[in-house]
Amino acid sequence: MKKRLAALLITFCTVVAAAGCALLPVGSSSDGDADFSAGRGEAIRILSGSENQELEEIIADCADEAGVRVEIDYQGSVNIMQQLQNGAPDYDAVWPASSMWTSLGDTQHLVKHSQSVSLTPVVFGIRMSLAGELGFIGSDVSVRDILNAITSDRMTFCMTSATQSNSGASAYIGFLYALLGKQEGLTAGDLQDEALRTEVRELLNGVDRSSGSSDWLKDMFLAGDYDAMVNYECLIIDANEQLISEGKEPLYIVYPYDGLSIADSPLGYVDHDDDKKEEAFLAFQEALMTPESQSAIEATGRRITANGVSEENKEIFNSDWGVDTERILSPIQMPESDVLMDALNLYQTDFKKPSLNIYCLDFSGSMYGEGEEQLEDAMSQILIQENAQKNLLQASEGEVNIAILFNDGIISTFQAEDDSDKSLAKLYDEITAQEPGGGTNIYLAASEAYRICMDYDLEDYTPAVILMTDGQSSDYSMEFERGLPEYGFIVPIFSITFGDADPEQLEGLAALTDARVFDGTENLTEAFRSVKGYN
């Protein structure tokens, strides 16, 4: 952890010196922004997983070829599922990472013309030297082998949240099957197996950092100092290309033979009885499926068939990195929807490493009125467990929730007594009883959060500081930075912008602490829900 702290401080100082503010990849814009559009003609709006950001150039070419305008809104898998359950009224198409999210969400049977655009397995990318030490290079590796590496304190890993992102969900379901010794037919009864529950907790205890986005997980990994990550094969390949270009050690790809899952990237039309939209969608989809487009997609590290890769793109799939295009991919079979939802709820409440959440909430005078109301609504979606369950964000067993209410000083600090519904509701009541007033000092709140973290063994938690502000602080950033070595650890400070908050100040905290900034100016509640998926 001290090594990571030193690396981050060096990176922060270098960026500040070069650019005047810290703007790293890990501080990129939040999920949920409609941040890509291309082409002309009839517009189709696509709800997509973040992993498709890597394909934007190809998408633009296909939009031009089809004579349509493509607009893409990137969101997490659970959001895509929920949008479909609500009829996805704002979208003409969906493009999740896996068909399971379409199956879970399309309860109104609106999706048609669904077609897999590419395939990519969910794999472990492990630092090459560590993979060698573990004996994984050139070997068949099981999930239990990985579990043994974790329980012997030889490896930790980063993974997206199983309840927010497909790569995390797919890996998690693979873990369950492997530890049960099954490849299909997961049942509700299996989930109650005590040996399974113990082992999956031990495995997930090895998660060093979590994320709500597969693409951001890759960026975070590249900016930090971590042992391994679970992600799509194509994103590990992309990460390795960046690592090699920087003269750094690449990752070795491990395919757990008993728990392998594959993302099939289905693009489907959402039928709202608009013939022009359907025609435009089909033209775009056809352009994506041409041999030329498929070859370009394969060149990004995605597979376009389960039977190996083309000679033209074979060098992209570097066997020195452990990429195995000759392996017959035998993926697990996803369970029935009710069992899958049971499994995801158990991940969130019982199996994952407990979260340590420290909410730094701005109660300065400018929050009076509408800002205060929006903040209260946002916190109700997290702390009131009936609401949290709807988004698979309920508290986990052993979770710690603390709220620091601040203005230009520390107003109050409240803590839930435990992870029970009653204690969390009481914490919510204590927060909403506060009246706004005074100025703003985000750095004082961040320092107080770090001081509180010193009271905990952070190895036992997935910790995060969640800072929400609508104002600008006097610049004490260097003072906060200078104090970091005294703590000897890095806890990510995820910030949410609102009102007149200074993005540069928040990006600076994000860069310094290996985190990111979320835009709450349009929807504060959605921003809080998004950031909670990152720990």
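For reference, positions follow the sequence shown, starting with 1. Heavy atoms only: backbone and side chains are in, while hydrogens, waters and symmetry mates are out.
Between the side chain of Gln348 and the main chain of Gln394, a donor-acceptor pair closer than 3.5 Å is present. At distances below 3.5 Å, not a single donor-acceptor pair connects side-chain atoms of Asn391 with backbone N or O atoms of Leu393. The backbone N or O of Glu526 sits less than 3.5 Å from a side-chain atom of Ser530, completing a donor-acceptor pair. Here the side chain of Ser48 pairs no donor or acceptor atom with the backbone of Asp73 at under 3.5 angstrom. Looking at Asp502, its side chain never comes within 3.5 Å of a backbone N or O of Gly471 through a donor-acceptor pair. Remark: side-chain polar atoms of Ser261 are not paired, donor with acceptor, to backbone N or O of Gly174 under 3.5 angstrom. The backbone N or O of Ile382 lies less than 3.5 Å from a partner atom in the side chain of Gln385, making a donor-acceptor pair. For the pair Glu373 (side chain) and Glu370 (backbone), a donor-acceptor distance under 3.5 Å is absent.
Rounding to the nearest 0.5 Å gives a distance of 3.5 Å between CG of Asp418 and OG of Ser423. Atoms CG and CZ, from Leu392 and Arg529 in turn, are 10.5 Å apart once rounded to the nearest 0.5 Å. Note that SG of Cys158 and CE of Met220 are 3.5 Å apart. Values are rounded to the nearest 0.5 Å. Rounding to the nearest 0.5 Å gives a distance of 12.5 Å between CD1 of Ile316 and SG of Cys234. Taking CG from Leu375 and CG from Leu524, the interatomic distance works out to 6.5 Å, rounded to the nearest 0.5 Å.
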Identify all side-chain donor-acceptor contacts of residues 358-367 below 3.5 Å with residues at least two apart in sequence or on another chain.
| residue | atom | partner | partner atom | Å |
| --- | --- | --- | --- | --- |
| Asp362 | OD1 | Ser364 | N | 2.8 |
| Asp362 | OD1 | Ser364 | OG | 2.7 |
| Asp362 | OD2 | Thr469 | OG1 | 2.8 |
| Asp362 | OD2 | Asp470 | N | 3.2 |
| Ser364 | OG | Ser366 | OG | 3.3 |
| Ser364 | OG | Thr440 | OG1 | 3.4 |
| Ser366 | OG | Asp470 | OD1 | 2.9 |
| Ser366 | OG | Asp470 | OD2 | 2.9 |

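Screening Asp208, Asn535, Thr462 against Lys353 for a side-chain contact (heavy atoms from CB on, under 4.5 Å) leaves a single residue, Thr462. For the side-chain contact (heavy atoms from CB on, under 4.5 Å) with Leu251, the qualifying choice from Asn240, Ile237, Ile126 is Asn240, the only one to do so. Of the residues Ser211, Ser167, Ser213, the one that meets the side chain to side chain donor-acceptor pair (under 3.5 Å) test with Thr160 is Ser167.
Residues in residues 452-471 take part in these ring-ring contact (aromatic ring centres under 6.0 Å, His included) pairs, two or more places apart or across chains: Tyr456-Tyr461.
The shortest side-chain heavy-atom distance between Thr163 and Asn345 does not fall under the 4.5 Å cut-off. Using a 4.5 Å heavy-atom cutoff, the side chains of Thr497 and Phe518 are not in contact. Residues Tyr252 and Phe124 form no side-chain contact, since every pair of their non-hydrogen atoms from C-beta on lies 4.5 Å or further apart. Looking at Leu47 and Trp95, their side chains never come closer than 4.5 Å, going by heavy atoms from C-beta outward. Between Ser77 and Pro96, every side-chain heavy-atom pair lies at or beyond the 4.5 Å cut-off. Side-chain contact between Glu376 and Tyr428: present, with at least one pair of heavy atoms (C-beta onward) separated by less than 4.5 Å. Looking at Arg302 and Tyr232, their side chains never come closer than 4.5 Å, going by heavy atoms from C-beta outward. Counting heavy atoms from C-beta on, the side chains of Thr413 and Leu405 never come closer than 4.5 Å.
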> Checking side chain to side chain contact (heavy atoms under 4.5 Å, CB included) for the pair Gln415/Ile452: CA distance, chi angles, key distance, verdict?
Replying inline: CA-CA 11 Å; Gln415 179 170 350; Ile452 290 172; 6.0 Å; no

>> One pair to check against side chain to side chain contact (heavy atoms under 4.5 Å, CB included): Leu130 and Met155. What are the steps and the verdict?
In response: CA-CA 8 Å; Leu130 178 58; Met155 187 182 91; 3.8 Å; yes

>> Asn441 vs Asp408, test: side-chain hydrogen bond (donor to acceptor under 3.5 Å, both in side chains). Steps then yes/no.
In response: CA-CA 5 Å; Asn441 189 339; Asp408 48 0; over 6 Å; no

> Which is it for Phe284 and Arg69 under the side chain to side chain contact (heavy atoms under 4.5 Å, CB included) test, yes or no, and what are the steps along the way?
Replying inline: CA-CA 9 Å; Phe284 171 68; Arg69 180 173 179 80; over 6 Å; no

>> Between Gln83 and Asn79, is the side-chain hydrogen bond (donor to acceptor under 3.5 Å, both in side chains) condition met? List the steps.
In response: CA-CA 6 Å; Gln83 288 279 1; Asn79 282 352; over 6 Å; no

>> Quick one, Tyr226 with Phe157, criterion ring pair (Phe, Tyr, Trp, His ring centres under 6.0 Å). Give me CA distance, side-chain angles, the key distance, then yes/no.
In response: CA-CA 7 Å; Tyr226 303 96; Phe157 65 100; over 10 Å; no

> Passes side chain to side chain contact (heavy atoms under 4.5 Å, CB included), Tyr347 versus Ser161? Steps please.
Replying inline: CA-CA 9 Å; Tyr347 166 89; Ser161 167; 4.0 Å; yes

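Ionic pairing of Arg209 and Asp514 is present here: one or more N-O contacts between side-chain nitrogen and carboxylate oxygen are shorter than 4.0 angstrom. Taking the charged nitrogens against the carboxylate oxygens, Asp90 and Arg45 have no contact shorter than 4.0 Å, which rules out a salt bridge. Checked for salt-bridge contact, Arg516 and Glu507 miss the test: no charged N lies under 4.0 Å from a carboxylate O. The pair Lys218-Glu54 meets the salt-bridge criterion, since a charged nitrogen lies less than 4.0 angstrom from a carboxylate oxygen.
A donor-acceptor contact closer than 3.5 angstrom is absent between the side chains of Ser245 and Lys248. Looking at Gln82 and Asn86, their side chains never bring a donor and an acceptor atom within 3.5 Å of each other.
No more than 12 heavy atoms of other residues, nucleotides or ligands shown are found within 6.0 angstrom of CD on Glu417. Atom CD of Glu57 sits in a sparse spot, with 12 or fewer heavy atoms from other residues, nucleotides or ligands closer than 6.0 Å. Within a 6.0 Å radius of CD in Glu386, other residues, nucleotides and ligands contribute 12 heavy atoms or fewer. Within a 6.0 Å radius of CG in Asp500, no more than 12 heavy atoms belonging to other residues, nucleotides or ligands are found.
Here the closest heavy-atom approach between residue Val465 and residue Ala449 is recorded as CG2-CB, 3.7 Å. Summarising the geometry of Ile490 relative to Thr513, their closest heavy-atom pair is CG2-O, 3.6 Å, with the distance given to 0.1 Å. Residue Tyr487 comes nearest to Ser447 through the heavy atom pair OH-O, 3.5 Å, listed as atom of the first residue, atom of the second, then distance. Of all non-hydrogen atoms in Pro250 and Leu243, the two that sit nearest each other are CA-CD1, 4.1 Å. Residue Ile58 comes nearest to Ile297 through the heavy atom pair CD1-N, 3.7 Å, listed as atom of the first residue, atom of the second, then distance. Across Ala403 and Leu427, no two heavy atoms sit closer than the pair CB-CD1, 4.1 Å.
For an aromatic pair to be called close, the ring centres must be under 6.0 Å apart, and Phe489 with Tyr450 satisfies this.
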